[in-house]
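Naming convention: chains lettered A, B, ... in sequence-line order (proteins, then strands); numbering from 1 in each chain. Reckoned from all heavy atoms, side chains included, excluding hydrogens, waters and symmetry mates.
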4 protein chains.
Amino acid sequence: MSGTQDRPLRADAARNRAKLLDAATAVFAARGVGVPTEEIARAAGVGVGTLFRHFPTKEALLEAVMVRRLETIAAGAARVAAESEPADALFACFRLIAEQSVGKTAFAGALAAAGIDVHTSLRGPSAAIRELLADLLHRAQRAGAVRPGLTLPDLLALLVGANAALDQLGPDAAGRGRVLEVVLTGLRPH
Amino acid sequence: MSGTQDRPLRADAARNRAKLLDAATAVFAARGVGVPTEEIARAAGVGVGTLFRHFPTKEALLEAVMVRRLETIAAGAARVAAESEPADALFACFRLIAEQSVGKTAFAGALAAAGIDVHTSLRGPSAAIRELLADLLHRAQRAGAVRPGLTLPDLLALLVGANAALDQLGPDAAGRGRVLEVVLTGLRPH
Amino acid sequence: MSGTQDRPLRADAARNRAKLLDAATAVFAARGVGVPTEEIARAAGVGVGTLFRHFPTKEALLEAVMVRRLETIAAGAARVAAESEPADALFACFRLIAEQSVGKTAFAGALAAAGIDVHTSLRGPSAAIRELLADLLHRAQRAGAVRPGLTLPDLLALLVGANAALDQLGPDAAGRGRVLEVVLTGLRPH
Amino acid sequence: MSGTQDRPLRADAARNRAKLLDAATAVFAARGVGVPTEEIARAAGVGVGTLFRHFPTKEALLEAVMVRRLETIAAGAARVAAESEPADALFACFRLIAEQSVGKTAFAGALAAAGIDVHTSLRGPSAAIRELLADLLHRAQRAGAVRPGLTLPDLLALLVGANAALDQLGPDAAGRGRVLEVVLTGLRPH
DNA sequence: CATGAATGAGCATTCATTCAT
DNA sequence: TATGAATGAATGCTCATTCAT
């Protein structure tokens, strides 16, 4: 049911898999998805062969990186959502997701540009997020805390947009706050 | 000093340059920036050699495409800005820019991912837009129509974000309207 | 109708194509089909890129080599067949084909082993040979010079076998003569 | 001198060796000698490590497969040869060897193509066959049942050729009979 | 000046072999 | 001793760029 886990996986193999995912996340973020696979293997301290034993394709590695990211985000969002009532929870989740996905823009763009069909394995984690947000959105709207006409796709698009905006803004904390404030304010009814 | 001059360009050469830019715009948008240069040459109906005569580098071609885009946008924005008073003009420009740059996200991402330094030749056109927006922002804020603390970088980031959001939303007109409405509403003081 | 010729092909391109085919024929024969493509390119005095421009795949190159071989053989066989009456013509063709296809065994084996479907482009030339042999066989049988029950597939198998036998025998001229004599004698009615 | 000795081999080790040889024979025959060693290990139900413990090299495994084949053939030939008088024995052996070595063509070709020097360990079993055939040939010739000039190398080449012919013909029993008939008839004096 | 053939560095991927578990 | 994860050299193929025609 959990997809990625086929067998218990030997201790060292699991360690290498993790090292590879970490290295890939870092290197892709730092140098773009165009980096040679060998670079990633080197960063992970393993040979290329090991990389390809764990991820049969460069594309598969990219997917695994994104899946892990989404899983982390989904978990964080679920935690945050549980702590407050719907409206606040929605806003908190929005902040969290928009903030956490640093650099995701470049990824997603590159993946799409490469004609990669990420959907299959991403559907799982992203479905979790989607459902959570759909629920929160619905309840926040019923509570009158969010614009009534807004749909889930709208919300997701705004999330992607906020993400892109923060990416573009860089580490300027004050600016990030103002930008998020603009979007979150806009979500409220007027 | 006299080597890089922009000679008037013979009629057919100018025509080829235009054909190449059009083809590149279309093909990059349709198939991503990863397309072989030869594909673009073919789409333009010329040989690769001709492409490289006009644009010494693939990167240069990409830049030229974006420059032309920005120039169009800048012109449109200037026109729109002249037609209303500051606050409305700012909102109109925001809409225009966010709408017109369909697919730019993938571009920009890919460029950045490729480690390409677009700045040099883009600074011109984008500076024009920047100045226009800086001016409108300033005056709209003085008129009390836009959040006081918002800076130009904030606004640009929001523009990029809105662009990404619309890209993600696809051609759903109603959704695009709602998303823009959210962001524009958020820009106003509260 | 003639298949391989798509456009007139520029002079130098044609020259390179020929050089590549010659080099490939020689190198494959000398060192087996396992040779790196780069080896062949070097032997032809061109870059790998050129090789792959002419033959989109290593497999395609192999096929082209075999096609040319078969074409040569087919032409020679047709010439020989025209010079005598059916029975003698059949025997002459048999000798010619068995002799000319030195090293073909290794080729064909390797191709089959590689799971390559050579048929498509080979069908043309080999069909020509097949038809010629079918005709000669039929007429030689009617003339009472060849075993009556023998079919075309039988004859082709014997041809392949004779080829293999000669390959195995090496350059010992007397031995080659005796071996061919055995097979040709066996073809006659008894 | 004591390093390469053939220790009796523990029961399970012997079983593994046999499983590997069987698997290799089957897999090589079915998918060609290009199959990854891991495929063979899997088919044998052991790990690659075990495979390489028994056969230090892929080439060594191939050789072992062929050796076993030749041993089987040699034994069969010896049995058949004992049952009749020289001439018939020779023909029976010829049939047997030609028939039994189905698929050997691809093997031998691939081995040769790979530049593998099979001789060392094959000389043993093949020497047995060679001697048997040499003896039979000699006696059959003295009995006037086989062409006088024919040498042992000629006979071996014809054997390889017959093998190739049968391989090419496939399972068509009647055809196989006719083809062998042709060659065997050719062997007789005329 | 346009063309498209030639170039070759670069990259993803495979696979025989080794070695930690 | 068996296992299968790790290794990395080797290979087929691509594509930006150059240059002969």
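- Side-chain contact between B/F55 and B/T37 is absent, with no heavy-atom pair separated by less than 4.5 Å.
- Remark: A/T50 is not in phosphate contact with F/dA5, judged by side-chain N or O atoms under 4.0 Å from OP1 or OP2.
- Among residues at least two apart or in separate chains, side chain to side chain donor-acceptor pair (under 3.5 Å) pairs with a member in residues 39-48 of chain D are D/R31-D/E39, D/E39-D/R42.
- Protein atom CZ of A/R42 is 11 Å distant from nucleotide atom P of F/dG8, rounded to whole Å.
- Distance A/L51 CG to F/dA5 C1': 14 Å, rounded to the nearest Å.
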Paired and unpaired positions of DNA chain F as dot-bracket, Watson-Crick or G-U wobble under 3.5 Å, | denoting a partner strand:
.||||||||||||||||||||
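- Taking atom CZ of residue C/R31 and atom C1' of nucleotide F/dA10, one finds them 13 Å apart after rounding to whole Å.
- At the phosphate of F/dA2, OP1 or OP2 sits under 4.0 Å from a side-chain N or O atom of D/N16.
- Distance CG/C/L51 to OG1/C/T57: 10.5 Å, rounded to 0.5 Å.
- The distance from atom CZ of A/F28 to atom NZ of A/K58, rounded to the nearest 0.5 Å, is 5.5 Å.
- How far CD1 of B/I73 is from CZ of B/R68: 12.0 Å, rounded to the nearest 0.5 Å.
- Atom CE of D/M66 is separated from atom CD of D/E63 by 9.0 Å, given to the nearest 0.5 angstrom.
- A salt bridge does not link D/D12 with D/K19: none of the charged nitrogens is closer than 4.0 Å to a carboxylate oxygen.
- To the nearest angstrom, C1' of E/dA6 lies 11 Å from CG of C/L20.
- Here the CG atom belonging to A/D22 is positioned 12.5 Å from the CD1 atom belonging to A/I40, to the nearest 0.5 angstrom.
- When the side-chain nitrogen and oxygen atoms of C/H54 are compared with OP1 and OP2 of E/dA5, none of them lie within a distance under 4.0 Å.
- Expressed to the nearest 0.5 Å, how far CG of C/L61 lies from NE2 of C/H54 amounts to 11.0 Å.
- At F/dG4, none of the side-chain N or O atoms of A/R53 fall inside 4.0 Å of OP1 or OP2 (strictly under the cut-off).
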What string of B, S and - do you get for nucleotides 11-21 of chain E, 5' to 3', if B is base contact, S is sugar-phosphate-only contact and - is no contact with any protein heavy atom under 4.0 Å?
SSBBSSBB---
